[in-house]
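Being a predicted model, the structure only gives us computed values, none of them experimental.
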Amino acid sequence: MKLSKATDLVALLMLLAFLAPYIYKLKQIDITLVLIGGALLAIYDFISSKD
């Protein structure tokens, strides 16, 4: 695993760890969907990057 890919993985895990409590505890479905969408875009970007 390249250093760049390892750094990207750490950043992704930190982002998901930051968003997880908000996604879990929010009662408003619209804001929760926006947060989930942002997390999914970050995951997709990590998977699709060809570094």
How is the hydrophobic cluster of L33 composed, in terms of its other members, when Ile, Leu, Val, Met, Phe, Trp and Tyr link through side-chain heavy atoms under 4.5 Å apart, directly or indirectly? I29
Please name the pair of heavy atoms, one in P21 and one in A17, separated by the smallest distance, quoted to 0.1 Å. CD-O, 3.3 Å
Out of the candidates I31, I36, V34, only one should pair with I23 under the side chain to side chain contact (heavy atoms under 4.5 Å, CB included) rule; please name it. I36
Indicate if L19 and L41 have the same hydrophobic cluster label, given that clusters are the connected sets of ILVMFWY residues with side-chain heavy-atom separations under 4.5 angstrom. no
Within this structure, what is the CG-CZ distance for the pair L15 and F46, rounded to the nearest 0.5 Å? 12.5 Å
For the residue pair T32 / K27, report whether a side-chain donor-acceptor contact shorter than 3.5 Å exists. no
Please check this pair: side chain of K25 against backbone of A20, looking for a donor-acceptor N/O pair closer than 3.5 Å. no
Please check if V10 and I43 belong to a single hydrophobic cluster, counting links between Ile, Leu, Val, Met, Phe, Trp and Tyr side chain heavy atoms closer than 4.5 Å. no
Euclidean distance, L12 CG relative to T7 OG1, rounded to 0.5 Å: 12.5 Å
Using ring-ring contact (aromatic ring centres under 6.0 Å, His included) as the criterion, list what pairs up with F18, not counting sequence neighbours. Y22
Mind checking whether D8 and D45 have side chains closer than 4.5 Å, heavy atoms only? no
Apart from Y24 itself, its cluster of hydrophobic side chains linked below 4.5 Å comprises none
